[in-house]
Asks: 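Have a look at this one before I ask anything.
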Amino acid sequence: MTEEQSARKEPAVITVKPEWCKGCGICVAFCPKDVLEMEGGTAKVLRPDDCIKCMLCELRCPDFAITVE
Amino acid sequence: MFNYLEYIRESNFPHIWCAGCGDGIILKALIRAIDKLGMSRDESVMVSGIGCSSRTPGYMDINTLHTTHGRALPFATGVKLANPDLKVIVITGDGDATAIGGNHFIHAARRNIDLTVLLYNNYIYGMTGGQCSPMTPVGSKASTAQHGNLEPSFNTSGLAIAAGASFVARTDVYHVQQCEKFISKALQKKGFSLVEIMTPCPTAYGRRNKMANPVTMMEWLKDNMVPVAKYDKMTDQEREGKVSAGILCDIDKAEFTAEYDKLIKKVRTE
Amino acid sequence: MENDSSGQIRMMQGNQACAEGALAAGCRFFAGYPITPSSEIAEHLSVALPKLGGKFIQMEDEIAAMGAIIGASLAGMKSLTATSGPGFSLKQENIGYAGMAEVPCVVINVMRGGPSTGMPTLPAQMDVQQARWGSHGDRGVIVLVADSAQESYEQTIRAFNLAEKYMTPVILLLDEIVGHTTEKVIIPERSEYEIIDRKKPDLPPDKYLPYRETEDLIPVLATFGTGYKYNVTGLCHNETGFPTNDPAIIGAQIKRLTDKIIIHKKDIIRNRMVMLEDAEIAIFAYGSVARSARSALAKCREAGIKAGLFQPTVLWPFPEDDIREVAGRVKGFVVPEMNMGQMAREVERACRRDTPVHRLNRVDGQPITPGEIVDLIKGVV
């Protein structure tokens, strides 16, 4: 197992900064594993265990509001 | 996780852009490109005009110059020519660059001055409330084209190539890794380099054109941006509504500030 | 052309003298666009600047030229553009930007007749109010004027000094007669004139605030690339340079843009007073008209008329207090100008209607002759 592969096995820590999130829904719509959902106007992390750390939610968040560790 | 906080002016956040506006996605791609290239922010200047895109410099911790409408390129030309050691990045929009700043756009490309231009193309004047721009597609609606736009739009990247640019690429914020890659290539190019970046404006464009939801606009980019190699083989009919993406021009040629330095050496030894 | 020409006597036209004066002042960047009757300034600097390691660029239009010199100034170069009426109109938005962002630079306008394309090759003084009020918004401005090739040289140096000192665009007005008259210029020795460079920040980057309110109301802007990363904008901004919507900050900022010129007006204003001590009638004249006025003055004195000359070398801020002082001593002012009375109105305002102001206006592209001024004075006396 490569270092990268083992890093991916670690559970993801996904953080949403609610004060910066404007609730556009882009992260939710394009997450390949349906990890995120919209709740009360901002993105919420509902299924972090399913995250494969593709990073697309972080890359496409226009509001600098979501990070994946 | 990428640590953007190191590169932004955090006290100015949250930014002014609307929910689902792609401008923040571009800023992040630019930050990553700058980080990976190890560029010195002390020796870089970000210059912009007026409009939504042109508010970008205010959010980045770098030398920033927010100028008048359409005039980012002349200001940037002055900065670069006065001190060619500075890396100069120009942020502009479709209205700023191709309408009021159209003359400067073609002449900066013609001069082939070493500027990296990121042109945020959202098909509309967002800041002023959704008026049509020279990039608004025929038939699209805008606050000043409520019956549908009659005017054909510029092929902006084609215009830059014809005028003499060294590097021209078109990408979009859905294909965000490609966007970062092209910005990085443009930053490394010595000469006039343009990255035209398709970015959604759900508020001013989407709302009037059945794409009010930001996700719908991103879906549009996903479905309609076509790799240039494929686009070139398509018939006119197939190209309807599609936009080509990729590196459209990448050539090496004489750069203006380098040529000016040669001129100085020549006249001083005469 | 090189600075080693100091002390020499040379023949040159006013436009060339501006170019030479700019180089002497330390100008190393010129951006311009061809326009009659100012193009010789650009032509001369296109030859001279690269020899000094400086940069010359002919831009795609007047607006671009104004933008380029602001950019170059922020990158640390003393910067100049030159133009004439129509080009001056085009530059106004970016001149206002330089005023708002407090970026030093010099704009020379060799005045021709207007409106519109007007009289490209003929003299006028029709832009004296445009120089004051041409760009939108309220701010203090500095506008100098020159009457000869000699004064073109000296006033160009002064324009750069004032720009750097007060962190503002400075406008120098010539008229076509001054721009195109070839005459003697004594190049001053370097020790005879002062060169002022803008202040550098005295605080480290983490403590630096570009638009912090200072006692003299003048900001200290760091040169791009020297480690001070800050924001420059034409939007109303706070002391950090970032846009603000706070009415208190906006109000203070806009007021300061006017105040920073007004509180220093004694340092800025310079007048030439000729035979005003015992004068009964004062001629107010500037630019090439001041030359006719000096000649008229001599003729009046020969004829026993006690005339004097008030010649401003700075039109804005307007020398209101000095005019007022002279107005208390004379029976009237005569104001000959190559426009419809643009500065005469300012003289009237300064006199507060206590002293009559007699106008002499020519707008046909012809110079005002000494004889015309003498005739008016005789009529008044």
Asks: Does a sphere of radius 6.0 Å around NZ in C/Lys200 hold more than 12 heavy atoms from other residues, nucleotides or ligands, not counting ones at 6.0 Å or beyond?
Replies: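 No - once you tally the heavy atoms of other residues, nucleotides and ligands closer than 6.0 Å, there are 12 at most.
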Asks: Testing B/Arg111, B/Arg110, B/His107 for side chain to side chain donor-acceptor pair (under 3.5 Å) with C/Glu60, which one passes?
Replies: B/Arg111
Asks: Rounded to the nearest 0.5 Å, what separates atom CD1 in C/Ile57 from atom CZ in B/Phe256?
Replies: 4.0 Å
Asks: Should we say atom CZ of C/Arg190 is surrounded by more than 12 heavy atoms from elsewhere, each under 6.0 Å from it?
Replies: yes
Asks: Rounded to the nearest 0.5 Å, what separation is found between the CG atom of B/Leu263 and the NZ atom of C/Lys51?
Replies: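 Between atom CG of B/Leu263 and atom NZ of C/Lys51 there are 10.5 Å.
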Asks: Tell me which of these, B/Leu73, B/Thr68, B/Thr77, has more heavy-atom pairs under 4.5 Å with chain C than the rest.
Replies: B/Thr68
Asks: For B/Ala82 and C/Lys55, which heavy atoms make the closest approach, and how far apart are they?
Replies: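 In terms of heavy atoms, the two residues are closest at O-NZ, 4.4 Å.
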Asks: Given a strict heavy-atom distance threshold of 4.5 Å, which part of C/Pro205 is in contact with chain B: side chain, backbone, both, or neither?
Replies: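 No part of it gets close to chain B.
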Asks: Quick one: closest heavy-atom pair of B/His66 and C/Leu235, and the distance?
Replies: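 Smallest interatomic distance, heavy atoms only, reads CE1-CD1, 3.4 Å.
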Asks: Using non-hydrogen atoms only, which part of C/Phe56 is less than 4.5 Å away from chain B: side chain, backbone, both, or neither?
Replies: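 Both backbone and side chain of C/Phe56 come within 4.5 Å of chain B.
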Asks: Nearest 0.5 Å, what's the OH-CZ distance between C/Tyr97 and B/Arg71?
Replies: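 Reported to 0.5 Å precision, the distance equals 13.5 Å.
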Asks: Mind listing the side-chain donor-acceptor pairs of residues 62-77 of chain C below 3.5 Å, one per line with the distance, residues two or more places apart or on another chain?
Replies:
{"from": "C/Glu62", "atom 1": "OE1", "to": "C/Thr83", "atom 2": "OG1", "distance (Å)": "3.0"}
{"from": "C/Glu62", "atom 1": "OE1", "to": "C/Lys91", "atom 2": "NZ", "distance (Å)": "2.9"}
{"from": "C/Glu62", "atom 1": "OE2", "to": "C/Thr83", "atom 2": "OG1", "distance (Å)": "3.0"}
{"from": "C/Ser73", "atom 1": "OG", "to": "C/Pro104", "atom 2": "O", "distance (Å)": "2.6"}
{"from": "C/Ser73", "atom 1": "OG", "to": "C/Arg198", "atom 2": "NH1", "distance (Å)": "3.4"}
{"from": "C/Ser73", "atom 1": "OG", "to": "C/Arg198", "atom 2": "NH2", "distance (Å)": "3.1"}

Asks: Considering residues at least two apart in sequence or located in another chain, which fulfil the salt bridge (charged side-chain N to carboxylate O under 4.0 Å, His left out) criterion with C/Glu93?
Replies: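 Applying salt bridge (charged side-chain N to carboxylate O under 4.0 Å, His left out) to C/Glu93 gives none.
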Asks: Report the option among B/Lys265, B/Arg55, B/His69 that has the most heavy-atom pairs separated by less than 4.5 Å from atoms of chain C.
Replies: B/Arg55
Asks: For the side-chain contact (heavy atoms from CB on, under 4.5 Å) test, which of B/Val88, B/Asn83, B/Leu65 pairs with C/Phe224?
Replies: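 Testing each of B/Val88, B/Asn83, B/Leu65 against C/Phe224, the sole residue satisfying side-chain contact (heavy atoms from CB on, under 4.5 Å) is B/Leu65.
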Asks: Could you measure the distance from the OH atom of C/Tyr230 to the CD1 atom of B/Ile62? Nearest 0.5 Å is fine.
Replies: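 CD1 of B/Ile62 is found 14.0 Å from OH of C/Tyr230.
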Asks: Heavy-atom distances under 4.5 Å only: say whether B/Asp85 touches chain C with side chain, backbone, both or neither.
Replies: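 Contact with chain C involves no heavy atom of B/Asp85 at all.
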Asks: So, applying side chain to side chain donor-acceptor pair (under 3.5 Å) with C/Asn231, which one of B/Asp61, B/Asn63, B/Thr64, B/Asn12 is it?
Replies: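 Considering B/Asp61, B/Asn63, B/Thr64, B/Asn12, a side chain to side chain donor-acceptor pair (under 3.5 Å) with C/Asn231 is found only for B/Thr64.
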